[in-house]
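From a predicted model like this one, the values you see are computed outputs, not experimental measurements.
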Amino acid sequence: MSAAEVERELAPSPELEREIRAFLDDQLGRVLPPPRLAHYYRWVVLGSRSLEAFTILSRHLEPSDLPVLDVGSGLGTFVLLANRHGLPAVGVEPGATELALARRRAGELGVDPERFSPGAGEALPYEPGSLSGALLHDVLAHVLDWRRVLAETRRVLAPGGVLYVKGPSYTVRFVEPHYKLPWLPLLPKPVARRYLALLGRDVGYFEHIGYRRRGAVLAELRRLGFELEFPRLEKLRDPASINRPWARALVERARRADGTLPRLAETLAESPLQSTIDVVARVPRG
């Protein structure tokens, strides 16, 4: 399944597409310039981002009849993709407009709209141990209490359940991922506000962004009892799983040359000095 195939499969009707684009323009029109906003539509709404998460979770999940939860499911792309490809998934979303649009997309694609529920990550509407997996994709930077969100996710996962967390880490980040602007690591908020205002960007959107740090998130996951695995390290061990041909060829060549790259990857896998939080966390059995 390629990104282009997913885009064609999940494309909404023309009328619904216009409504989604209008919503995104209202929310992000002063956050991203028009070319970036068009890319955002393809990446988030049409599925490129969700395809990666679906692939990683599918590889790590154990066989189960329990569903996978997308926390902060937004416009519903991951849940729609998963259900159409044999992985039962549900979504929880606090935004009323996002929830309504996701349910309409579900109706168009033959997925039960009730797969999407209102709710927040700090208080998930699910019983303990009722889920086989969960996804936190670009969510932790937008919640009030990220530690509570992780604890809630741990509560609802069954033994052996898997959580995939991906998002920006601001410890060493030199590009702000929402605005796509040059950035200094942990740039003080007052300075950041002035910087965004000078560039004519929406400062109000920045008020909902929290600086999350990779090291703190990994430490909290361990404190909650998760066992951690790192997708990037897995790709270096198995170059065939790398989607981009040039990157796959580069890794294969490096592995043939000597063992430096694998050893370096092992050393850096858990380092807090990375610009991305990208980790699979598993609930131990027993």
Side-chain angles (χ1 to χ4, degrees), residues 1 3 6 43-44 47-64 66-93 115 121 124 126 129-143 146-169 177 212-238 241-243 269-270 272 274-285:
M1 181 168 46
V6 170
W43 180 56
V44 175
S48 299
R49 181 181 75 160
S50 293
L51 177 59
E52 178 191 40
F54 173 78
T55 302
I56 289 173
L57 275 170
S58 297
R59 188 163 66 238
H60 287 87
L61 286 168
E62 299 177 356
S64 173
L66 300 177
V68 173
L69 172 64
D70 185 6
V71 181
S73 51
L75 295 167
T77 304
F78 174 82
V79 174
L80 298 173
L81 175 65
N83 280 290
R84 287 176 61 87
H85 289 272
L87 179 63
V90 293
V92 63
E93 168 59 43
R115 288 279 176 178
L124 295 174
Y126 299 95
S130 60
L131 301 170
S132 66
L135 173 64
L136 288 168
H137 207 315
D138 292 329
V139 167
L140 293 185
H142 298 281
V143 297
W146 65 270
R147 288 184 172 84
R148 180 62 185 168
V149 172
L150 291 181
E152 272 290 277
T153 308
R154 172 67 174 83
R155 178 184 67 82
V156 299
L157 285 173
V162 169
L163 166 64
Y164 178 43
V165 183
K166 186 164 186 181
S169 172
R212 307 300 176 228
R213 296 175 293 113
R214 175 183 168 88
V217 172
L218 297 185
E220 185 65 12
L221 288 169
R222 286 199 173 92
R223 189 189 72 80
L224 291 168
F226 284 104
E227 298 171 347
L228 306 188
E229 304 168 50
F230 299 95
R232 289 184 178 181
L233 185 57
E234 293 168 7
K235 287 184 177 182
L236 291 176
R237 291 170 177 164
D238 178 20
S241 66
I242 299 174
N243 293 326
E270 300 187 40
Q274 297 186 37
S275 63
T276 302
I277 302 163
D278 187 10
V279 60
V280 172
R282 185 180 300 277
V283 178
R285 288 196 169 277

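- Using a 4.5 Å cut-off on side-chain heavy atoms (C-beta onward), D138 and P168 make contact.
- Considering CG of L69 and CZ of F78, their distance stands at 9.5 Å, rounded to 0.5 Å.
- By the 4.5 Å heavy-atom criterion applied to side chains, V280 and F230 are not counted as neighbours.
- Within the 4.5 Å cutoff, the side chain of V6 has no heavy atoms near those of the S48 side chain.
- For the pair P231 and Y164, the tightest heavy-atom approach, listed with the atom from each and the gap, is CG-CE1, 4.0 Å.
- Pairing each heavy atom of L163 with each of L135, the nearest pair is CD1-N, 4.3 Å.
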| request: Take R59 and E229 through the salt bridge (Lys or Arg N to Asp or Glu O under 4.0 Å) test and state the conclusion after the steps. | output: CA-CA 12 Å; R59 188 163 66 238; E229 304 168 50; over 6 Å; no
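- Under the 4.5 Å side-chain criterion, counting only non-hydrogen atoms from C-beta, L131 is in contact with P67.
- Scanning both residues, V68 and S132, for their nearest heavy atoms gives CG2-OG, 3.6 Å.
- When atom types are taken as modelled, the side chain of N83 and the backbone of A89 share a donor-acceptor pair closer than 3.5 angstrom.
- Among residues two or more places apart in sequence or in another chain, the side chain to side chain contact (heavy atoms under 4.5 Å, CB included) test is passed with R223 by E220.
- To the nearest 0.5 angstrom, T153 atom OG1 is 9.0 Å from L224 atom CG.
- Without hydrogens or angle criteria, R155 side chain to Y126 main chain gives a donor-acceptor distance under 3.5 Å.
- Judged by distance alone, the side chain of S64 and the main-chain N or O of L66 form a donor-acceptor pair under 3.5 Å.
- When all heavy atoms are compared, the tightest approach of A158 to V283 is O-CB, 3.8 Å.
- Summarising the geometry, atom OG1 belonging to T77 is positioned 7.5 Å from atom CZ belonging to R49; distances are rounded to the nearest 0.5 Å.
- How far NE2 of H85 is from CG of L80: 10.5 Å, rounded to the nearest 0.5 Å.
- The distance from the CZ atom of F54 to the CG atom of L61 is 9.5 Å, given to the nearest 0.5 Å.
- Side-chain contact between V44 and L75 is absent, with no heavy-atom pair separated by less than 4.5 Å.
- Here the straight-line distance linking atom NE2 of H137 with atom CG of L57 works out to 9.5 Å at 0.5 Å rounding.
- Under a cut-off of 6.0 angstrom, the local environment of CZ in R84 is crowded, with over 12 non-hydrogen atoms contributed by other residues, nucleotides or ligands.
- Between I277 and S169, the shortest heavy-atom distance links the atoms CG1-CB, 3.9 Å.
- In this structure, the side chains of F226 and L157 come closer than 4.5 Å at one or more pairs of heavy atoms.
- S58 places a side-chain heavy atom less than 4.5 Å from the side chain of L87.
- Listed for the R282 side chain is no donor-acceptor partner under 3.5 Å among the backbone atoms of V162.
- The two atoms that bring V143 and L140 nearest to each other are CG2-O, 3.5 Å, heavy atoms only.
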